[in-house]
Novice: 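First the structure, which I've put down as C-alpha cells, then a few questions once you've had a look.
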Amino acid sequence: MSFWLLKSEPDVYSFDDLLRDGETIWDGVRNAQAANNLKAMEIGDEAFFYHSNTGKEAVGICRVTAPAGPDPTDATGRWVAVKVAPVRRLGKPVSLARMKAEPALADLQLVRQSRLSVVPVRPEERDAILRLSEG
DNA sequence: GCCAACGTTGGC
DNA sequence: GCCAACGTTGGC
C-alpha cells in the first residue's frame, strides 16, 4: 500500500468537484515520470489531493478505485489514467509554505520537483502532513 | 507578470 | 548523440 499526492488546478477540477462526482478518472497526465507513478498505483492506495496554482495546499484525501488503464483522452494509447474516489476533506488544508517550513518534509518530492503532477509520499511524510492537517 | 525548473524538439 | 531553442508548469 502506497501513498501519493495528486495535483489539480482547482479552477479546472477541485476536491469539491470530486466530492460531488463521487469518482473521477485521473486523465490527461502527459509526463513520463508522472505516468510511471500512475502505473505503480494499486487499488486502495490513497493520495493527498493538492490544489496547485490557486490555493497551493493539500485539501483532501482520495483513494485509488481503478488501476492504470488507457487514458481515454489520449489517441496514441501511450498514456494511462487511474480512477479515484474521495475519502475525506482534511480538517485543515496544509499549505505548501507550511510543508516547506516542516523539517520532516524537507525531502518531499512535491517540494523538490514542483512541476511533477503525480508524486509519491513516504509514510513518515504522510504522517507529518496529516499531523499538520489536524491543527 | 516573471522566472526557475524541466521536458521536448530539431538542427547539426 | 549533443545541445540550443522553445514550450509548459507552477511558485512567487
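Below, chains carry the letters A, B, ... as their sequence lines are ordered, and counting in each starts from 1.
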Novice: Apply ring pair (Phe, Tyr, Trp, His ring centres under 6.0 Å) to A:Phe15 and list each qualifying residue two or more places apart in sequence or on a separate chain.
Specialist: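 A:Phe15: ring pair (Phe, Tyr, Trp, His ring centres under 6.0 Å) contacts with A:Phe49.
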
Novice: For the backbone of A:Glu42 and the side chain of A:Asp45, can you confirm whether one donor and one acceptor N or O come within less than 3.5 Å of each other?
Specialist: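 A pair under 3.5 Å: yes.
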
Novice: Check the surroundings of atom NZ in A:Lys83: do more than 12 heavy atoms from other residues, nucleotides or ligands lie under 6.0 Å from it?
Specialist: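 Count not over threshold, so no.
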
Novice: For nucleotides 8-12 of chain C, which of its nitrogen or oxygen atoms have a protein nitrogen or oxygen under 3.5 Å away, and what is each distance?
Specialist:
residue : atom : partner  : partner atom : Å
C:dG11  : OP1  : A:Tyr50  : OH           : 3.0
C:dG11  : OP2  : A:Asn53  : N            : 2.9
C:dC12  : OP1  : A:Lys100 : NZ           : 2.6

Novice: Between A:Arg78 and A:Asp71, does any NZ, NE, NH1 or NH2 come within less than 4.0 Å of an OD or OE carboxylate oxygen?
Specialist: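 Here A:Asp71 does not pair with A:Arg78 in a salt bridge, since their nearest N and O are not under 4.0 Å apart.
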
Novice: Among A:Val59, A:Leu132, A:Leu105, find the residue that satisfies the side-chain contact (heavy atoms from CB on, under 4.5 Å) test when tested with A:Val94.
Specialist: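 The passing option is A:Leu132.
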
